[in-house]
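Beneath this line is the structure, given in structure tokens, with notes to follow.
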Amino acid sequence: VVAGMGSRIERLGGASIALNDPHSIAAWVAQHRRARLSSPGYGEVGPVTEMFLSGDELSLLCVPLISKGTLRGVIMLARTKAFRPTELSAMLNLSNIVAAALENVTLYQQSQTERKQQAAIFASASDGFALVDERLTFVDANEAFAHLIGIPRDQLPGSRACLALERHSLSENRLCGADNLLARALREQQPFDHIECEFLAVEASAAHMAADASTAVNASASTSGGRVPKRYVDFSLTPILAQEGPRVLLVGRDMTALREMDQMKANFLSMVSHELRAPLQTISGYLDLTLGGMAGALTPEQGDFLRRAR
């Protein structure tokens with residue numbers, strides 16, 4: 001950063017100094033981490049310092065910016081009048097303040113970068129994430145969480161968590177019902193895992209929000225062959241101690257596909273069992289008739305084979 005030097009600013013913009021430059025006062029100060037004064041014509045200067053001087057006879061004062069043992073930069077001042085030792089002492093005191101400010105700026109930038117990364121992960125995660133405060137109010141939620149419970153995301157922050165979670169529940173919601181696991185997690189600082197809840201599916205939730213609850217469910221049932229479209233969500237609750245007070249991180253995962261797969265397997269097994277029962281009963285009946293002698297006498301070996309088959 002160059003300031004207060006008129007046209008020198010344009011000449012020095014983007015200029016860099018190698019730390020091993022033997023003719024650079026700034027490089028020397030950075031390497032030795034000590035302040036340095038330079039009078040006009042005293043020693044040879046490097047090309048960047050030469051641009052800084054622009055051929056003028058100027059005195060130089062250069063001090064390092066060090067914070068917590070880390071070099072943050074170098075300050076160089078120039079003027080026609082020689083610098084006094086008291087001014088060097090004042091600049092050393094100022095350099096500590098500037099170095100601390102630069103450190104804070106670096107930490108702030110890192111914090112902002114991490115915050116943006118976390119926000120991006122939070123927003124794009126396929127699982128639903130929501131933060132609930134000690135008043136059982138949503139602090140924030142990502143789009144996936146809003147989709148799981150069938151409520152627009154912009155309506156969740158500041159809303160009562162239990163009212164939102166129970167709005168489209170198709171059965172007692174353990175997070176807020178008699179178990180009230182949300183309140184227990186906050187009060188006891190105890191995590192809870194694999195709390196499965198049933199919700200009206202998102203497609204039906206839009207109709208539910210536009211009409212009376214019972215009317216919407218009946219309409220959904222009539223348009224889906226008598227079956228209310230459901231969404232199964234597996235929740236986990238993790239208590240968090242934040243500066244603002246206790247919080248609960250609510251993570252939801254859509255288990256609908258898995259539950260539907262289980263139902264399909266159960267239906268398939270039931271169908272296979274039904275389809276096999278009739279022919280097996282017929283075979284069993286004929287074996288009984290054969291063992292009873294209806295088809296003639298059997299040898300001992302034939303009878304043994306049929307009894308095993310029976």
Side-chain angles (χ1 to χ4, degrees), residues 1-125 129 131 133 139-140 142 157 240-245 247 249:
V1 179
V2 185
M5 296 299 293
S7 60
R8 303 173 199 265
I9 297 177
E10 298 179 1
R11 291 194 293 269
L12 286 174
S16 60
I17 300 175
L19 281 176
N20 59 355
D21 186 347
H23 305 300
S24 171
I25 298 175
W28 186 94
V29 170
Q31 286 180 342
H32 295 83
R33 300 194 176 191
R34 286 160 42 196
R36 182 172 175 179
L37 292 173
S38 178
S39 300
Y42 178 79
E44 185 180 0
V45 297
V48 176
T49 306
E50 183 65 39
M51 284 192 294
F52 183 62
L53 295 175
S54 299
D56 296 332
E57 295 291 329
L58 300 176
S59 297
L60 299 176
L61 186 156
C62 194
V63 294
L65 302 175
I66 300 173
S67 175
K68 295 181 180 179
T70 301
L71 181 69
R72 306 289 175 181
V74 171
I75 291 181
M76 180 179 287
L77 303 179
R79 70 182 187 190
T80 55
K81 184 180 177 181
F83 289 96
R84 298 189 300 272
T86 55
E87 292 173 321
L88 174 61
S89 177
M91 281 303 303
L92 288 173
N93 293 332
L94 178 62
S95 68
N96 294 329
I97 299 174
V98 174
L102 289 175
E103 179 189 7
N104 291 335
V105 169
T106 301
L107 293 175
Y108 176 78
Q109 291 174 339
Q110 292 174 350
S111 174
Q112 288 296 101
T113 300
E114 293 174 359
R115 186 183 295 272
K116 290 179 180 178
Q117 291 174 347
Q118 292 173 356
I121 294 172
F122 182 78
S124 62
F129 290 89
L131 199 61
D133 64 17
V139 177
D140 197 5
N142 67 351
I240 299 174
L241 288 176
Q243 292 182 348
E244 300 82 359
R247 299 281 189 269
L249 178 63

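It should be emphasised that the depicted structure is a prediction, and the values quoted were computed from it without experimental measurement. If you read the sequence from its start, that first residue is 1, and numbering goes on from there.
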Under the 3.5 angstrom rule, does the side chain of Arg33 hit a backbone N or O of Gly69 as a donor-acceptor pair? yes
CG/Leu71 to CD1/Ile66 distance, rounded to the nearest 0.5 angstrom? 6.0 Å
Quick check for you: to the nearest 0.5 Å, what is the distance between Met91 atom CE and Leu37 atom CG? 11.0 Å
Under the 3.5 angstrom rule, does the side chain of Asn142 hit a backbone N or O of Phe129 as a donor-acceptor pair? yes
Backbone N or O of Leu107 within a donor-acceptor pair of the Ser111 side chain at under 3.5 Å? no
Inter- and intrachain pairs under side-chain hydrogen bond (donor to acceptor under 3.5 Å, both in side chains), touching residues 87-101, at least two apart: Arg79-Glu87
Take Leu88 and Val63 through the side chain to side chain contact (heavy atoms under 4.5 Å, CB included) test and state the conclusion after the steps. CA-CA 8 Å; Leu88 174 61; Val63 294; 3.9 Å; yes
Nearest heavy-atom approach of Ile25 to Cys62 is CG2-CB, 4.0 Å
Specify the closest pair of heavy atoms between Arg72 and Ala99, including all atoms of both residues, with the distance to one decimal. CG-O, 4.0 Å
Working to the nearest 0.5 angstrom, can you tell me the gap between Leu92 CG and Ile97 CD1? 12.0 Å
Would you sort out whether Asp133 and Glu244 count as a side chain to side chain contact (heavy atoms under 4.5 Å, CB included), showing the intermediate values? CA-CA 9 Å; Asp133 64 17; Glu244 300 82 359; over 6 Å; no
At what distance, to the nearest 0.5 angstrom, does CG of Leu77 lie from CG of Leu60? 9.0 Å
Tell me, with the steps shown, if Ile75 and Leu94 meet side chain to side chain contact (heavy atoms under 4.5 Å, CB included). CA-CA 10 Å; Ile75 291 181; Leu94 178 62; 5.6 Å; no
For Ser67 and Leu102: C-alpha separation, side-chain torsions, deciding distance, then whether side chain to side chain contact (heavy atoms under 4.5 Å, CB included) applies. CA-CA 9 Å; Ser67 175; Leu102 289 175; over 6 Å; no
